[in-house]
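Here the structure is laid out as structure tokens; the discussion comes afterwards.
No experiment lies behind these values; they were computed from the predicted model shown. The analysis underlying the following values was restricted to heavy atoms, covering all of them including side chains, and did not include hydrogens, waters or symmetry mates.
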Amino acid sequence: MSLKSERRGIHVDQSELLCKKGCGYYGNPAWQGFCSKCWREEYHRARQKQIQEDWELAERLQREEEEAFASSQSSQGAQSLTFSKFEEKKTNEKTRKVTTVKKFFSASSRVASKKGFKH
């Protein structure tokens, strides 16, 4: 047997080994076909893009949270106003009842009732 017939393996073309960006360096499958330099650039660019998107999302969520809080505060203020009117009404009602009861037991009402019973 000759050496040429026993030689086995995978044939890879030189162009398949080069960096995907075409910089002339050799790529690496662990870096998705990029060379180390291009991989760092791509990774850094992707990371910066992700950071920017995360910041935008955080700002949007912060605005929504602040709007929801402001909205709940204004509706809570309206509820507080309604509740204070309820308390005021309840206090007035109690005062009126106490005044009515005091009238029954005051000296002037006793005198008037005694005068009314004498015929």
How long is the gap from [atom1] on [X] to [atom2] on [Y], to the nearest 0.5 Å?
| X | Y | atom1 | atom2 | result |
| --- | --- | --- | --- | --- |
| Leu18 | Tyr26 | CG | OH | 6.0 Å |
| Trp55 | Arg60 | CH2 | CZ | 15.5 Å |
| Asp54 | Lys49 | CG | NZ | 12.0 Å |
| Trp31 | Arg40 | CH2 | CZ | 7.5 Å |
| Glu67 | Gln62 | CD | CD | 10.5 Å |
| Glu56 | Leu61 | CD | CG | 12.0 Å |

Taking every non-hydrogen atom, the tightest pair across [X] and [Y]:
| X | Y | answer |
| --- | --- | --- |
| Phe34 | Trp39 | CB-N, 3.8 Å |
| Gln32 | Lys20 | O-CD, 2.9 Å |
| Cys35 | Cys23 | SG-SG, 3.5 Å |

Does one side chain, of Gln48 or Gln52, offer a donor that lies under 3.5 Å from an acceptor on the other?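 The criterion, which ignores hydrogens and geometry beyond distance, is not satisfied for Gln52 and Gln48.
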
Tell me, please, which residues at least two apart from Arg63 pass salt bridge (Lys or Arg N to Asp or Glu O under 4.0 Å).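 None.
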
In terms of side-chain geometry, is the basic nitrogen of Glu41 or Arg45 positioned less than 4.0 Å from the acidic oxygen of its partner? no

Can you check whether Lys37 reaches Lys21 side chain to side chain, under 4.5 Å on heavy atoms?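 When only atoms from C-beta onward are counted, Lys21 and Lys37 do not touch, as no gap falls below 4.5 Å.
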
